[in-house]
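Here is the structure we will look at, set down as structure tokens.
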Amino acid sequence: MKFIKLFCVVLAISLLSACSHPDLIKVGESYQQVMDQLGTPDAQTNLPDGSIRVVYSRQPMGQTVYALIFGPDGTLIKKEQILYEKFIKENIKPHQMDQADIDKLFGHPCEKWTYKLSNTHVYMYRFEEGGLPWALWVDFDNNTNKVLSWTISIDPWSQRDGDSKN
């Protein structure tokens, strides 16, 4: 009987936590209300005007990254899903940005790779646009952590569907 009660409590907590999603957050909610609902963000940046930008990455299984802006008074003034081509083109600056900048911009990636021979490492973020699955690839220099380049391709995870495990 104790096992059943414990199972029910764990199940209820799991279901409630599964309901927390940035899409359910409304403009006007307080910073604390959002933290209570979504938990600790992947990245947080204090902006010059006193606003706060927080990022929630839904990677690896999700295909979204949300940026939420809180005004100086602590209320949510803007919420945006930022993994789309126009945002990427306007915000990633090779040779000017570094890995910390990308971490602040997008939060944790779907996957990371290190290539010792080329002395680089790569982040991959999955997103969907125009009904198609895409991947953003950001290449970094291992010594400086500077962004070398970025590119967009078909999401390789979409190509794995149906792969034989034999």
Side-chain angles (χ1 to χ4, degrees), residues 17-116 118-130 132-158:
S17 67
C19 294
S20 62
H21 190 284
D23 281 339
L24 301 174
I25 302 300
K26 294 182 178 24
V27 170
E29 290 190 41
S30 73
Y31 176 86
Q32 191 57 54
Q33 286 173 311
V34 173
M35 294 303 114
D36 290 345
Q37 291 177 60
L38 299 180
T40 305
D42 289 290
Q44 180 169 314
T45 306
N46 295 324
L47 303 175
D49 68 354
S51 299
I52 298 172
R53 178 183 187 271
V54 298
V55 174
Y56 288 95
S57 173
R58 306 294 287 178
Q59 306 287 314
M61 300 313 292
Q63 294 174 299
T64 56
V65 171
Y66 288 84
L68 288 73
I69 308 291
F70 295 88
D73 67 350
T75 60
L76 182 63
I77 57 175
K78 183 177 180 184
K79 173 181 71 170
E80 180 181 21
Q81 195 293 109
I82 59 173
L83 271 180
Y84 58 93
E85 188 173 4
K86 183 178 182 211
F87 184 90
I88 293 164
K89 285 181 177 179
E90 291 174 354
N91 288 281
I92 299 180
K93 308 290 185 222
H95 307 289
Q96 296 174 28
M97 298 176 81
D98 62 18
Q99 182 177 323
D101 295 324
I102 298 299
D103 290 339
K104 287 180 190 175
L105 189 61
F106 294 116
H108 70 271
C110 172
E111 291 189 64
K112 299 176 185 180
W113 290 275
T114 299
Y115 301 102
K116 290 183 181 182
S118 63
N119 201 32
T120 60
H121 59 283
V122 178
Y123 279 8
M124 182 186 85
Y125 293 90
R126 303 173 63 230
F127 68 103
E128 189 173 308
E129 188 170 2
L132 296 172
W134 299 104
L136 165 64
W137 306 86
V138 184
D139 300 325
F140 302 94
D141 179 277
N142 281 349
N143 295 325
T144 64
N145 281 328
K146 287 284 188 189
V147 174
L148 298 173
S149 63
W150 63 269
T151 191
I152 294 173
S153 73
I154 293 292
D155 180 357
W157 284 29
S158 70

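For this chain, numbers begin at 1 and follow the sequence in order.
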Taking all heavy atoms of [X] and all of [Y], pick out the closest pair and write down the distance.
X	Y	answer
Met97	Asn91	SD-O, 3.2 Å
Gly107	Val55	N-CG1, 3.8 Å
Pro22	Arg58	CD-NH1, 3.9 Å
Gln81	Thr64	OE1-CA, 3.5 Å
Ser118	Thr120	OG-OG1, 2.7 Å
Asp141	Asn143	OD1-N, 2.7 Å

Any side-chain heavy-atom pair from [X] and [Y] closer than 4.5 angstrom?
X	Y	result
Phe127	Tyr125	no
Leu38	Ile25	yes
Lys112	Val122	no
Gln59	Pro109	no
Leu83	Arg126	no
His121	Gln99	yes
Leu105	Ile92	yes
Met35	Thr40	no

### Query
So, does Asn46 use its side chain to make a donor-acceptor pair with the main chain of Ser51 at under 3.5 Å?
no
#### Entry: Test item: Asp101 side-chain N/O and Asp98 main-chain N/O as donor-acceptor pair under 3.5 Å
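The answer is yes, because a donor-acceptor pair under 3.5 Å joins these two groups.
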Would you be so kind as to tabulate the donor-acceptor pairs closer than 3.5 Å made by side chains of residues 146-154, with sequence neighbours excluded?
residue	atom	partner	partner atom	Å
Ser149	OG	Asp139	OD2	3.0
Ser153	OG	Trp137	NE1	2.7

#### Entry: Selection residues 36-63 - residue pairs positive for ring pair (Phe, Tyr, Trp, His ring centres under 6.0 Å), sequence neighbours left out
none
### Task
Determine, stepwise, if the pair Gln44 / Ile52 fulfils side-chain contact (heavy atoms from CB on, under 4.5 Å).
CA-CA 7 Å; Gln44 180 169 314; Ile52 298 172; 3.6 Å; yes
#### Entry: For Phe70, the option from Thr75, Leu47, Val34 that meets side-chain contact (heavy atoms from CB on, under 4.5 Å)
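In the set Thr75, Leu47, Val34, the residue that makes a side-chain contact (heavy atoms from CB on, under 4.5 Å) with Phe70 is Val34.
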Distance in Å, [X] [atom1] paired with [Y] [atom2], rounded so as to fall on 0.5 Å steps:
X	Y	atom1	atom2	answer
Leu136	Ile88	CG	CD1	4.5 Å
Glu129	Lys86	CD	NZ	11.0 Å
Ile77	Glu29	CD1	CD	14.5 Å
Gln37	Ser20	CD	OG	8.0 Å

### Query
Within a radius of less than 6.0 Å around NZ of Lys93, do more than 12 heavy atoms belonging to other residues, nucleotides or ligands occur?
yes
#### Entry: Lys104 atom NZ, over 12 foreign heavy atoms within 6.0 Å
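For Lys104, atom NZ is not crowded (no more than 12 foreign heavy atoms under 6.0 Å).
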### Parallel, tilted or perpendicular: ring planes of Phe106 versus Phe87, cut at 30 and 60 degrees
perpendicular
#### Entry: Pair Asp23, Tyr66: side-chain N/O donor-acceptor within cut-off below 3.5 Å
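The criterion, which ignores hydrogens and geometry beyond distance, is satisfied for Tyr66 and Asp23.
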### Task
Establish, from distance only, whether the side-chain atoms of Gln63 and Trp134 form a donor-acceptor pair under 3.5 Å.
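Per modelled atom types, Gln63 and Trp134 side chains form no pair under 3.5 Å.
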### Task
Decide yes or no on side-chain contact (heavy atoms from CB on, under 4.5 Å) for Leu76 and Tyr31, but give the supporting numbers first.
CA-CA 7 Å; Leu76 182 63; Tyr31 176 86; over 6 Å; no
### Task
Could you give me the CA-CA distance, side-chain angles and deciding distance for Trp157 and Met61, then say whether side-chain contact (heavy atoms from CB on, under 4.5 Å) is met?
CA-CA 10 Å; Trp157 284 29; Met61 300 313 292; 3.7 Å; yes
### Query
Does the ring centre of His108 sit less than 6.0 Å away from the ring centre of Tyr123?
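No, the ring centres sit 6.0 Å or more apart.
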